[in-house]
Amino acid sequence: MILSDMDARPVLFMDSGIGSLPYGVFFHNANKDETLICAADRAHFPYGPKPREALIELLSVLTEKLIDRYNPKILALACNTASVSALKALREQFPRLPIVGTVPAVKPAVQASLTRRVGVLGTERTIEDPYIAELAARYGPDCEITGIAAPSLVEFVERRFALADSTERLLAVKPWVEKFREAGADAVVLGCTHFLLLLEEFKTAAGETMGVYDSLEGVSRRVESFLDAEGGKLRSRCGNRAPPVLAVSGEAPLEPYWTLLADFFGFSLGRI
Ligand code: DGL
């Protein structure tokens, strides 16, 4: 291996808040040589209630800042809201930066559903976007989709995740799972990256009779395929062992909670 084959620039996962963490950690566990940055756009959280145009605007400014500050070799939008709203615009604006989007796991869910009823839990913006219906029409046109927006659960994850015990987490998840059960769904798609931090609780609440589907592996694979393309020329092979960075936006001093979160995941804190 010659030194010029190594690309030590970071892989950057971003979200409105802490939703990039489960995706970044999943990727990191299988790709320890890569430098990882998870960006949390605290200044603009939450994305869910914002219109598409506002999201395109703020994500384009944020991406520019992230490029200036961290010079990533790949950007993964670990955010369904950002992906349905701005992926295309960002790819057009930053043609030299490979950008991976998050696609809700509608395909495996509709393929597995026996009741032919599938639930999708996301933000307001994601649920109202025609993209979910397009995915369902492509992979399971006979399937009925129940889309539910859960902004209060996004808020819970963002503010309480590292403080809540397992009982509180399970209680937060249960009412949403019950709504899907009442709708006759036997498969539920976690269509917001924040909810992956409650994956175990979702699985517990769903029990044996309801499958829970997510995009963790899909996003990680997509990032890996960019790294491995053309003989792996974007791969880092320098044995990086620096802790991943949780990079947080916003002018105001960071609340102590961010230190708690970074410690919880074994990240160091950075700024955008
Ligand atoms: N985590 C995000 C998603 O996947 C957005 C949450 C929010 O900021 O509303 O959609």
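Whatever order the structure lists them in is the order used to number ligands and atoms, beginning at 1.
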Exercise. Are Leu269 and Leu66 joined in one hydrophobic group, where the rule is that I, L, V, M, F, W and Y side chains link up if heavy atoms are under 4.5 Å apart?
Worked result: no
Problem set entry | Heavy-atom gap Ser16 to ligand 1 smaller than 4.0 Å | yes
Exercise. Would you call Gly17 a ligand 1 contact, heavy-atom distance under 4.0 Å?
Worked result: no
Problem set entry | Full working for salt bridge (Lys or Arg N to Asp or Glu O under 4.0 Å) between Glu134 and Arg138 | CA-CA 6 Å; Glu134 281 163 27; Arg138 193 179 319 154; 5.3 Å; no
For this session: Would you mind checking if Arg125 and Asp129 are paired as a salt bridge, meaning a charged N to carboxylate O distance below 4.0 Å?
Result: yes
Problem set entry | For Val154, atoms of ligand 1 separated by under 4.0 Å from a heavy atom | 6 (C), 7 (C), 9 (O)
For this session: Distance to 0.1 Å, residue and atom name: give those for the protein heavy atom nearest to atom 7 (C) of ligand 1.
Result: Tyr47 N, 3.3 Å
Seminar exercise, completed: Quick look: Pro46 vs ligand 1, heavy-atom contacts under 4.0 Å, and the answer is both
Exercise. Parallel, tilted or perpendicular: which describes the rings of Phe27 and Phe13, with under 30° parallel and over 60° perpendicular?
Worked result: tilted
Exercise. Does Gly48, backbone or side chain, put an N or O under 3.5 Å from an N or O of ligand 1?
Worked result: yes
Exercise. Hey, is Glu34 close enough to Arg235 for a salt bridge, meaning N to O under 4.0 Å?
Worked result: yes
Seminar exercise, completed: ligand 1 atoms nearer than 4.0 angstrom to some heavy atom of Thr123 are 5 (C), 6 (C), 9 (O), 10 (O)
For this session: Indicate the atoms forming the closest heavy-atom contact of Ala247 with Ile272, along with that distance.
Result: O-CD1, 3.5 Å
